[in-house]
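Some notes on the structure that comes next.
Side chains are part of it too, since the values below use all heavy atoms of this structure and drop only hydrogens, waters and symmetry mates.
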Amino acid sequence: RFRLPDTALRVAGTVVLDLPGSLSEEQRALAHCELIVHHGSETPTRLVLTAKFPTASFNVPIEADTLEIEAAEGDFGPILDRLLLRDAVLLEGPASTEPVP
């Protein structure tokens, strides 16, 4: 969970399943998890990651003062649910120009 500045507009990034290279195809097939990005919207952004689709990107508007990134287990439980968050960026808008009282 991250506290965000008032000027935060969007957050973007790429998430990758971090699977050891020594796994067999049968073992890799058990990799299944979900990344959930809570960004203030009523509906969070959900990304499903599997051995067949090990990479996903997100780019979502910020609608709150906090950002929460959650990893949820998939169909096979918490087996091989290791994720890497790459190239995450926060886009900020201009600071408020209203005078401070």
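- Side-chain atoms of Leu80 and Leu19, non-hydrogen and from C-beta on, do get closer than 4.5 Å to each other.
- Taking all atoms of both residues into account, the shortest heavy-atom contact from Ile36 to Ala72 is CD1-CB, 3.9 Å.
- Thr14 and Ser57 make their closest contact through OG1-OG, 3.3 Å (heavy atoms, listed as atom of the first residue, atom of the second, distance).
- A donor-acceptor distance shorter than 3.5 angstrom exists from the side chain of His39 to the backbone of Pro61, with no hydrogens or angles considered.
- Hydrophobic clustering of Ile, Leu, Val, Met, Phe, Trp and Tyr side chains at less than 4.5 Å, counting indirect connections, keeps Phe53 apart from Phe76.
- Considering all non-hydrogen atoms of both residues, Ala56 and Leu49 come closest at N-CD2, 3.8 Å.
- How far CZ of Arg46 is from CD of Glu70: 7.5 Å, rounded to the nearest 0.5 Å.
- At a threshold of 4.5 Å between non-hydrogen side-chain atoms, the residues Pro5 and Leu90 count as touching.
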Worksheet entry | Audit row: Leu83, Leu17, side-chain contact (heavy atoms from CB on, under 4.5 Å) steps and yes/no | CA-CA 5 Å; Leu83 300 173; Leu17 266 178; 3.8 Å; yes

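- Taken together through direct or relayed side-chain contacts under 4.5 Å among Ile, Leu, Val, Met, Phe, Trp and Tyr, Ile62 and Leu85 form part of one hydrophobic cluster.
- The shortest non-hydrogen separation linking Pro20 to Arg28 is O-NH1, 3.5 Å.
- Contact between Leu9 and Glu92 at its shortest, heavy atoms only, is CD1-C, 4.0 Å.
- No donor-acceptor pair closer than 3.5 Å links the side chain of His38 to the backbone N or O of Glu68.
- Across every non-hydrogen atom of Val11 and Phe58, the tightest pair is O-CD1, 4.0 Å.
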Worksheet item: Are Ile69 and Val15 close enough, and set up right, to give a side-chain contact (heavy atoms from CB on, under 4.5 Å), and what steps lead you there?
Response: CA-CA 11 Å; Ile69 300 175; Val15 65; over 6 Å; no

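- For Phe2, the CZ atom is loosely surrounded, since the number of other residues' heavy atoms within 6.0 Å does not exceed 12.
- Taken from OG1 in Thr66 to CZ in Arg1, the straight-line distance is 6.0 Å, to the nearest 0.5 Å.
- Residue Leu30 holds its CG atom at 10.5 Å from CG of Asp81, rounded to the nearest 0.5 Å.
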